[in-house]
Trainee: 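Take a look at the following structure, please.
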Amino acid sequence: MRSLLFVPGDSRKKLDKALTSGADALLIDLEDSVALESKAAARALTSDFLSEAKRETSRPRLYVRVNGLTTGLIEEDLDGVMQAEPDGIVLPKAVGGVDAAHLGAKLAVREAEFGLEDGGTRILAIATENALGVFALGTFAGASHRLMGLAWGGEDLSADIGAEANRGEDGLYTEPYRLARSLTLLGAAAAGVDAIDAVYTNFRDMDGLAMECREARRDGFVAKMAIHPAQVEIINGAFTPSPDAIARAEAVIAAFRDNPGTGVVGVGGEMLDRPHLVRAERLLARAGRS
């Protein structure tokens with residue numbers, strides 16, 4: 001997945017439009033974008049949408065962002081949508097691997113109850129929405145076989161720590177949020193799951209979005225969340241390996257294959273070792289070439 005588009009779970013019009021956005025995944029939201037008095041209706045609408053969209057032969061992956069484990073709403077969220085068999089659940093305000101395991105247990109119960117594949121529902125954890133979550137980023141490894149990715153975000157975190165803003169006058173994240181971003185990347189690597197970059201909230205600033213995508217890809221993120229369909233094309237372009245990058249990765253893999261047992265190979269005038277092989281294999285996996 002390269003692009004993950006948030007869509008309010010209480011708007012059928014926006015859900016239908018999102019299906020044709022080109023996003024690799026829809027993150028159907030039952031949390032922040034849905035008012036408390038609309039939660040029940042949003043669950044029912046989301047369940048109906050999932051049931052219909054799952055029948056499409058060509059569709060994005062369908063994840064549902066539920067309300068957090070401490071809100072008292074997550075049980076109703078899961079009861080309302082799990083029978084429609086979403087591809088995954090987005091866990092907001094996650095505090096480490098314990099929360100991922102806790103959600104995993106809840107999903108196992110619903111899968112058994114609704115006759116779904118055991119372990120088939122994946123988990124995407126948004127792991128930096130409070131200070132406790134930032135400190136727990138190193139605890140996701142081995143927490144749940146369902147965990148497919150860690151995402152970070154700076155909006156809720158800024159409220160949790162009492163910041164006036166999370167970006168400086170230059171439009172870039174300030175130091176606390178750069179730290180959370182970096183720790184998410186390292187936490188995802190330690191857990192062996194995808195690192196997914198935060199939303200870019202200024203959906204009219206396409207140049208700023210493109211720059212942030214390039215920097216995220218450079219640093220090791222493999223995808224980015226979006227808040228508007230107009231952002232999807234830029235995100236997909238940024239996180240799709242270029243033909244030159246694919247050719248380079250194939251050359252690296254071929255060099256190691258042709259020289260079994262060696263630790264270092266020469267490719268294009270450079271001496272490359274095993275970490276370069278791992279990087280090449282991951283790039284081809286993202287490109288669907290592995």
Side-chain angles (χ1 to χ4, degrees), residues 1-6 27 29 31-33 65 68-70 90-100 123-141 143 147-228 230-232 234-235 237-239 275 279 282 286:
M1 291 189 289
R2 303 158 299 174
S3 54
L4 300 90
L5 174 63
F6 277 109
L27 308 181
D29 191 25
E31 194 209 16
D32 287 345
S33 66
R65 180 166 71 170
L69 288 167
T70 62
V90 181
L91 179 63
K93 300 175 179 63
V95 181
V98 171
D99 280 4
I123 295 174
L124 168 60
I126 305 181
T128 67
E129 293 186 305
N130 51 49
L132 281 173
V134 173
F135 281 108
L137 278 165
T139 67
F140 283 97
L147 186 67
M148 53 70 60
L150 294 183
W152 82 281
E155 307 311 311
D156 287 278
L157 181 59
S158 65
D160 189 60
I161 66 179
E164 294 179 357
N166 56 18
R167 294 179 184 263
E169 293 181 0
D170 58 2
L172 303 178
Y173 281 111
T174 58
E175 187 58 34
Y177 309 96
R178 290 198 293 267
L179 174 63
R181 175 184 181 274
S182 297
L183 290 175
T184 300
L185 185 62
L186 296 173
V193 300
D194 288 347
I196 298 170
D197 198 27
V199 299
Y200 189 77
T201 57
N202 187 348
F203 61 87
R204 291 188 175 89
D205 180 10
M206 297 305 174
D207 290 338
L209 171 64
M211 180 186 71
E212 199 162 276
C213 287
R214 290 192 298 269
E215 292 176 348
R217 184 195 63 216
R218 174 201 64 197
D219 291 343
F221 288 92
V222 301
K224 190 173 181 64
M225 299 182 294
I227 59 168
H228 193 280
Q231 297 178 320
V232 169
I234 289 175
I235 294 173
F239 288 98
R279 185 185 305 169
R282 288 177 176 171
R286 293 201 304 273

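The first residue of the sequence shown is numbered 1, and numbering continues consecutively from there. Quantities reported herein were computed from a predicted structural model and do not represent experimental measurements.
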Trainee: Between Ala216 and Arg181, which heavy-atom pair has the shortest distance, and what is it?
Mentor: CA-NH2, 3.4 Å
Trainee: I'd like to check the side chain to side chain contact (heavy atoms under 4.5 Å, CB included) partners of Ala198; sequence neighbours left out, ordered by chain and number.
Mentor: Trp152, Tyr173
Trainee: Checking Thr184 side chain against Ala151 main chain: does a donor-acceptor pair fall under 3.5 Å?
Mentor: no
Trainee: May I ask you to test the Ile126-Leu91 pair for a side-chain heavy-atom distance under 4.5 Å?
Mentor: no
Trainee: Measure the spacing between CG of Leu147 and CG of Leu124 and express it to the nearest 0.5 Å.
Mentor: 8.0 Å
Trainee: Considering non-hydrogen atoms only, spot the tightest contact between Leu183 and Val134 and give its length.
Mentor: CD1-CG1, 3.8 Å
Trainee: Please identify each residue that fulfils side-chain hydrogen bond (donor to acceptor under 3.5 Å, both in side chains) with Glu129, with sequence neighbours left out.
Mentor: none
Trainee: Please check if the side chain of Asp197 supplies one atom and the backbone of Ala223 the other of a donor-acceptor pair under 3.5 Å.
Mentor: no
Trainee: Is it the case that over 12 heavy atoms from other parts of the model lie below 6.0 angstrom from the CZ atom of Arg218?
Mentor: yes
Trainee: Side chain to side chain contact (heavy atoms under 4.5 Å, CB included) with Ala163: which residues, sequence neighbours excluded?
Mentor: Ser158, Ile161, Tyr177
Trainee: Test: salt bridge (charged side-chain N to carboxylate O under 4.0 Å, His left out). Region: residues 147-163. Which pairs qualify, not counting sequence neighbours?
Mentor: Lys93-Asp156
Trainee: Do Met225 and Val90 touch side chain to side chain, with heavy atoms closer than 4.5 Å?
Mentor: no
Trainee: For Arg2, check salt bridge (charged side-chain N to carboxylate O under 4.0 Å, His left out) against everything at least two apart and list the hits.
Mentor: Asp24
Trainee: Arg282: which residues meet the side chain to side chain contact (heavy atoms under 4.5 Å, CB included) condition with it, sequence neighbours left out?
Mentor: Val278, Arg286
Trainee: Of all residues at least two apart in sequence or in a different chain, which pass the salt bridge (charged side-chain N to carboxylate O under 4.0 Å, His left out) check with Arg167?
Mentor: Glu212
Trainee: First locate atom CG of Asp194, then atom CD1 of Ile196, and finally report the distance between them rounded to the nearest 0.5 Å.
Mentor: 5.5 Å
Trainee: Can you list everything that forms a ring-ring contact (aromatic ring centres under 6.0 Å, His included) with Phe135? Sequence neighbours excluded, please.
Mentor: none
Trainee: Would you give the length of the straight line joining atom CG of Leu157 to atom CG of Asn166, rounded to the nearest 0.5 angstrom?
Mentor: 8.5 Å
Trainee: If you compare all heavy atoms of Pro92 against all heavy atoms of Gly68, which two are closest, and at what distance to 0.1 Å?
Mentor: CG-N, 3.8 Å
Trainee: Considering residues at least two apart in sequence or located in another chain, which fulfil the side-chain hydrogen bond (donor to acceptor under 3.5 Å, both in side chains) criterion with Asn202?
Mentor: none
Trainee: So, taking the atom named CG in Leu185 and the one named CG in Leu137, what distance separates them when rounded to the nearest 0.5 Å?
Mentor: 10.5 Å
Trainee: Which atom pair, heavy atoms only, marks the closest approach of Ala190 to Ala141?
Mentor: O-CB, 3.6 Å
Trainee: Could you work out, with salt bridge (charged side-chain N to carboxylate O under 4.0 Å, His left out) as the rule, every residue matching Asp29, not counting sequence neighbours?
Mentor: Arg65
Trainee: side-chain hydrogen bond (donor to acceptor under 3.5 Å, both in side chains) with Arg178: which residues, sequence neighbours excluded?
Mentor: Glu175
Trainee: Just jot down the side-chain hydrogen bond (donor to acceptor under 3.5 Å, both in side chains) partners of Asp99, sequence neighbours excluded, or say none.
Mentor: none
Trainee: Grab the two heavy atoms, one from Leu150 and one from Ala127, that are nearest each other, plus how far apart they are.
Mentor: CD2-CB, 4.5 Å
Trainee: Let me confirm one number: the CG-CZ distance from Leu209 to Phe203, rounded to the nearest 0.5 Å.
Mentor: 12.5 Å
Trainee: Atom SG in Cys213, atom CD in Gln231: separation rounded to 0.5 Å?
Mentor: 8.5 Å
Trainee: Which heavy atom in Gly208 sits nearest to a heavy atom in Tyr200, and how many Å separate them?
Mentor: CA-OH, 3.3 Å
